[in-house]
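Keep in mind that the numbers below use all heavy atoms, side chains included, and drop hydrogens, waters and symmetry copies. Computed from a predicted model, the values in this text were never measured in an experiment.
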Amino acid sequence: FSGNRQKVLIRDGFRCQDCAITQEQSREKFGRDLYVIHVKDLRDNRLENLKTFCSKCHNKRVIKIMRAKLKLTINNGRS
């Protein structure tokens, strides 16, 4: 993240930006720190493109993206 991970965690108050779970709660509940993820472009490490999520909310986002890609692939195969 070009050194921006800690800056994002501080900016986001060490809370998931979806469910507001804290870093400490994430460690207790999921056994890991919060994620800092890219919102849009995976190559863009600017602070505006990075956001803090817990494991559960991160996984929900990944599943949503994967479903959208699968749907697109299936729909393109029918053309």
Side-chain angles (χ1 to χ4, degrees):
F1 298 108
S2 301
N4 284 338
R5 184 178 192 283
Q6 190 68 18
K7 290 177 187 174
V8 172
L9 288 167
I10 292 168
R11 178 198 68 199
D12 293 345
F14 289 88
R15 289 188 173 271
C16 174
Q17 296 303 289
D18 218 15
C19 72
I21 194 173
T22 66
Q23 176 91 296
E24 292 78 23
Q25 291 168 326
S26 177
R27 288 176 182 154
E28 289 173 17
K29 190 171 184 177
F30 306 117
R32 64 160 293 128
D33 287 341
L34 296 168
Y35 286 89
V36 172
I37 67 165
H38 295 89
V39 177
K40 293 185 181 182
D41 186 352
L42 295 176
R43 296 165 294 183
D44 181 358
N45 291 318
R46 290 178 301 140
L47 295 177
E48 303 82 41
N49 190 49
L50 299 171
K51 223 171 181 182
T52 305
F53 286 98
C54 70
S55 184
K56 182 179 176 182
C57 294
H58 172 264
N59 291 342
K60 282 195 284 188
R61 287 180 61 89
V62 169
I63 289 168
K64 184 178 178 182
I65 291 166
M66 296 301 282
R67 283 185 179 154
K69 286 183 179 182
L70 180 60
K71 185 176 180 181
L72 181 65
T73 302
I74 291 170
N75 289 339
N76 284 341
R78 291 183 183 168
S79 300

Phe30 and Ile37: same hydrophobic cluster, using ILVMFWY side-chain contacts below 4.5 Å? no

What's the separation between atom SG in Cys19 and atom CD in Gln25, rounded to the nearest 0.5 Å? 8.5 Å

Would you check if Lys51 and Val8 make a side-chain contact, meaning some heavy-atom pair closer than 4.5 Å? no

Scanning both residues in full, the closest heavy-atom pair of Leu50 with Asn45 reads CD1-O, 3.5 Å

Taking every heavy atom of Cys16 against every heavy atom of Cys54, the minimum-distance pair comes out as SG-N, 3.4 Å

Look at the side-chain heavy atoms of Ile, Leu, Val, Met, Phe, Trp and Tyr, link any pair under 4.5 Å apart, and say whether Leu47 and Ile10 land in one connected group. yes

Within the side chain of Asn49, is there an N or O that forms a donor-acceptor pair under 3.5 Å with the backbone of Lys40? yes

Do Val36 and Leu34 share a hydrophobic cluster (ILVMFWY, side-chain heavy atoms under 4.5 Å, transitive)? yes

Please examine the side chains of Asp44 and Val39, heavy atoms only from C-beta on, and report whether any two atoms are closer than 4.5 Å. no

For Glu48 and Arg11, which heavy atoms make the closest approach, and how far apart are they? N-NH1, 4.3 Å

Quick one: are Thr22 and Phe14 in side-chain contact, heavy atoms under 4.5 Å? no

Any Asp33 side-chain heavy atom under 4.5 Å of Arg27 side chain: yes

List in chain and number order the residues that pass salt bridge (charged side-chain N to carboxylate O under 4.0 Å, His left out) with Asp18, two or more places apart in sequence or in another chain; answer none if no residue qualifies. none

Between the main-chain N or O of Asn4 and the side-chain N or O of Gln6, is there a donor-acceptor pair closer than 3.5 Å? no

From CD (Gln23) to CZ (Arg32), nearest 0.5 Å: 9.0 Å

In terms of heavy-atom contacts, Arg61 and Phe53 come closest through CD-CZ, 3.5 Å

Quick check: closest heavy atoms across Ser55 and Tyr35, and the distance to 0.1 Å? CA-CE1, 3.5 Å

About how many Å separate OG1 of Thr52 and CZ of Arg5, when rounded to the nearest 0.5 Å? 8.0 Å

